[in-house]
Amino acid sequence: MPNPIYDRLFAPLIDMSSSLFLAPVDEAAISGTEFLAMVHRAAGALRARGVRAGDRVAVQVAKTPEALAVYGATAAVGAIFLPLNTAYTAAEVDYFVGDAAPALLLVDPARADSLVPIAAAHGAKLSTLGADGRGSFRDLCDAQTDVFAVEHRDDDDLVALLYTSGTTVRSKGAMLTHANLLSNAEALAREWRFTSHDVLLHALPIFHTHGLFVATNVALLSGASMLFLSGFDLDAILRSLPRATVLMGVPTFYTRLLEAPRFDRVLCERMRLFVSGSAPLLAETHVAFEARTGHRILERYGMTETNMNTTNPYDGERRAGTVGLPLPGVEVIVADPDTGAPLSAGETGVVEVRGPNVFKGYWRMPEKTREDFRDNGFFITGDLGCFSDDGYLTLVGRQKDLIITGGFNVYPKEVELLLDEQPGVLESAVIGVPHPDFGEAVVAVLVAQPGATLDLVAIDAVLREQLARYKQPKTLEIVPELPRNSMGKVQKNLLRQWFREGFKVDATENP
């Protein structure tokens with residue numbers, strides 16, 4: 001029976017006796033055939049836990065081959081994969097589990113105690129899988145066979161649910177189908193010339209579109225091997241580069257590499273492609289990288305709801321400051337925000353996308369889905385951009401105040417609500433300001449209640465406890481009042497101007 005994601009990405013591994021996961025230091029290589037057996041055992045374990053077609057499987061575990069096998073297993077069962085950022089606190093996980101109503105919540109054993117009551121409150125079963133491969137789910141996998149009867153799925157059936165941040169307090173679940181993911185993987189594999197001879201240096205997280213649906217799907221589709229690192233570690237990257245042919249990363253990867261004196265042309269001799277995305281790449285990074293390595297970074301543009309929309313060309317000019325040209329089969333226009341009418345080259349408007357890559361809609365949010373789609377099927381991205389005369393797209397900002405830091409989305413309202421609850425805080429505004437490493441840094445601007453003195457150390461401690469690290473402001477600033485327009489709306493554009501250069505950050509911090 002057909003099951004598009006399983007059939008194209010996982011079933012062909014049965015004939016891959018060579019290594020799918022190449023061995024980093026002190027780890028054994030895993031062949032494609034061995035990994036497929038891992039997928040089948042995980043699928044058997046999901047079914048044993050009562051997961052059926054259409055159910056959601058929420059996963060908040062460390063990046064390992066076993067964790068990736070759960071993605072394939074979820075597709076094989078016909079369920080919907082819901083990856084969760086490993087930095088999310090229990091309070092944050094509670095929202096996603098409550099909204100998505102998964103049949104199973106798979107977590108790290110170290111976090112099980114705090115998440116058991118959350119799973120129980122929302123009717124989800126809970127299993128564990130650790131970074132060392134151990135846990136109750138692994139025990140259940142070991143009791144399964146290497147053969148699994150794959151569930152029938154159609155192109156339009158959901159295979160993944162990814163939550164995307166906006167500027168409102170509610171995070172939205174983007175419903176992605178088999179066809180959405182496959183069409184994009186096929187286009188990227190063609191455009192970026194992926195083959196079975198490639199070795200992808202995979203240091204991205206697999207709870208995010210970039211690491212899961214760009215890097216992993218493209219590698220699986222093309223039969224490439226992966227050097228599967230648990231995360232970005234400069235020494236590990238430098239050791240692995242001579243064995244790799246492709247690196248996909250966020251701008252932070254490339255700024256960190258340029259800071260390493262031993263990163264040079266010799267280390268990159270075997271490399272054929274460096275890809276950057278998830279946040280803007282500064283033009284000076286492009287220039288410095290090419291001078292150091294002889295390689296010009298390929299920048300592309302995508303989002304959770306659409307996967308990838310545009311890419312700079314593999315053969316042709318990779319133009320710094322742009323995100324390239326629309327992918328084949330994907331329509332991208334710059335339109336008048338009010339009417340949706342396409343604008344001419346050089347005019348700035350809202351970027352809109354139509355194509356097989358565009359998601360099905362927002363989970364349990366039909367009104368928001370209707371709001372973000374034109375009647376002609378174009379999805380309104382909320383990004384502002386303009387086209388050059390020869391078709392290159394440049395992004396110039398966002399209609400809303402979404403912050404992208406280190407490749408991760410932060411919606412200001414969530415942070416502001418927490419700040420406003422703190423003793424002595426009258427009101428707050430959270431903004432993103434340019435940062436050479438993370439793309440943007442989160443800055444919190446506070447106004448004190450009359451006569452109050454704000455304890456910034458205590459406020460920062462609360463933020464560190466309640467928010468994932470990448471959401472935590474790099475600095476807390478106090479102002480007498482927030483700037484407002486005649487309608488009383490806070491003018492965040494003015495705040496961004498005020499604090500663009502007015503704060504200090506530790507460049508060694510991780511996002």
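Throughout, numbering of the chain's residues begins at 1 and tracks the sequence. Side-chain atoms are counted along with the backbone in the values below, which use heavy atoms only and exclude waters and symmetry mates.
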Exercise for the section: Hey, can you tell me if Phe263 and Phe274 have their rings parallel, tilted or perpendicular (30° and 60° cut-offs)? Expected result: perpendicular

Problem - Val358 side chain near Glu305 side chain, heavy-atom distance below 4.5 Å - result: no

Problem - Within-4.5 Å side-chain heavy-atom neighbours: Phe81 and Val70 - result: yes

Problem - Nearest-0.5 Å distance that lies between atom NE2 in His202 and atom CG in Leu212 - result: 7.5 Å

Exercise for the section: Answer yes if the ring centres of Phe408 and His208 are under 6.0 angstrom apart, and no otherwise. Expected result: yes

Fill in the blank from the handout: Quick note, salt bridge (charged side-chain N to carboxylate O under 4.0 Å, His left out) partners involving residues 95-124, not counting sequence neighbours, are Asp99-Arg170

Exercise for the section: Answer yes or no: is there a side-chain heavy-atom contact under 4.5 Å between Leu188 and Met308? Expected result: yes

Exercise for the section: Would you sort out whether Arg239 and Asp235 count as a salt bridge (charged side-chain N to carboxylate O under 4.0 Å, His left out), showing the intermediate values? Expected result: CA-CA 6 Å; Arg239 287 196 306 269; Asp235 288 337; 5.2 Å; no

Exercise for the section: Report yes or no: do Arg300 and Thr310 form a side-chain donor-acceptor pair below 3.5 Å? Expected result: no

Problem - Side-chain donor or acceptor of Thr304 paired with backbone N/O of Leu162 under 3.5 Å - result: no

Practice task
Mark yes or no for whether Arg56, through its side chain, and Ala101, through its backbone, hold a donor-acceptor pair below 3.5 Å.
Solution key: yes

Problem - Near-ring test Phe359/Phe373, centroid separation under 6.0 angstrom - result: yes

Problem - Heavy-atom side-chain proximity of Val350 to Ile380 below 4.5 angstrom - result: yes

Problem - CD (Glu481) with more than 12 external heavy atoms under 6.0 Å - result: no

Practice task
Using the six-membered ring wherever Trp is involved, compare the ring planes of His435 and Phe438 and label them parallel, tilted or perpendicular (cut-offs 30° and 60°).
Solution key: parallel

Practice task
Decide yes or no for Ile5 and Tyr71: does some side-chain heavy atom of the first lie under 4.5 Å from some side-chain heavy atom of the second?
Solution key: yes

Handout entry: Test: Lys172 cationic atom under 6.0 Å from Tyr163 six-membered ring centre, within 45° of axis
Key = no

Practice task
Give a yes or no answer on whether the side chain of Thr369 reaches the backbone of Tyr362 with a donor-acceptor pair at less than 3.5 Å.
Solution key: yes

Problem - CA sep, side-chain torsions, deciding dist, call: Ile478, Val445, side chain to side chain contact (heavy atoms under 4.5 Å, CB included) - result: CA-CA 6 Å; Ile478 300 174; Val445 186; over 6 Å; no

Exercise for the section: Before accepting this row, confirm whether a basic side-chain N of the pair Arg319/Glu299 lies closer than 4.0 Å to the acidic partner's carboxylate O. Expected result: no

Problem - Main-chain N/O of Thr177 paired to Lys360 side chain as donor or acceptor, under 3.5 Å - result: no

Practice task
Would you please name every residue forming a side chain to side chain contact (heavy atoms under 4.5 Å, CB included) with Pro251, sequence neighbours left out?
Solution key: Ser276, Ala279, Leu281

Exercise for the section: Measure the CG-NE2 distance between Leu204 and His210 for me, rounded to the nearest 0.5 Å. Expected result: 5.0 Å

Problem - Heavy-atom side-chain proximity of Val323 to Thr311 below 4.5 angstrom - result: no

Practice task
Flag the pair Thr381 / Phe379 as yes when at least one side-chain heavy-atom distance between them is below 4.5 Å, and no otherwise.
Solution key: yes

Handout entry: Sequence-distant partners of Arg374, salt bridge (Lys or Arg N to Asp or Glu O under 4.0 Å), two or more places apart
Key = Glu352

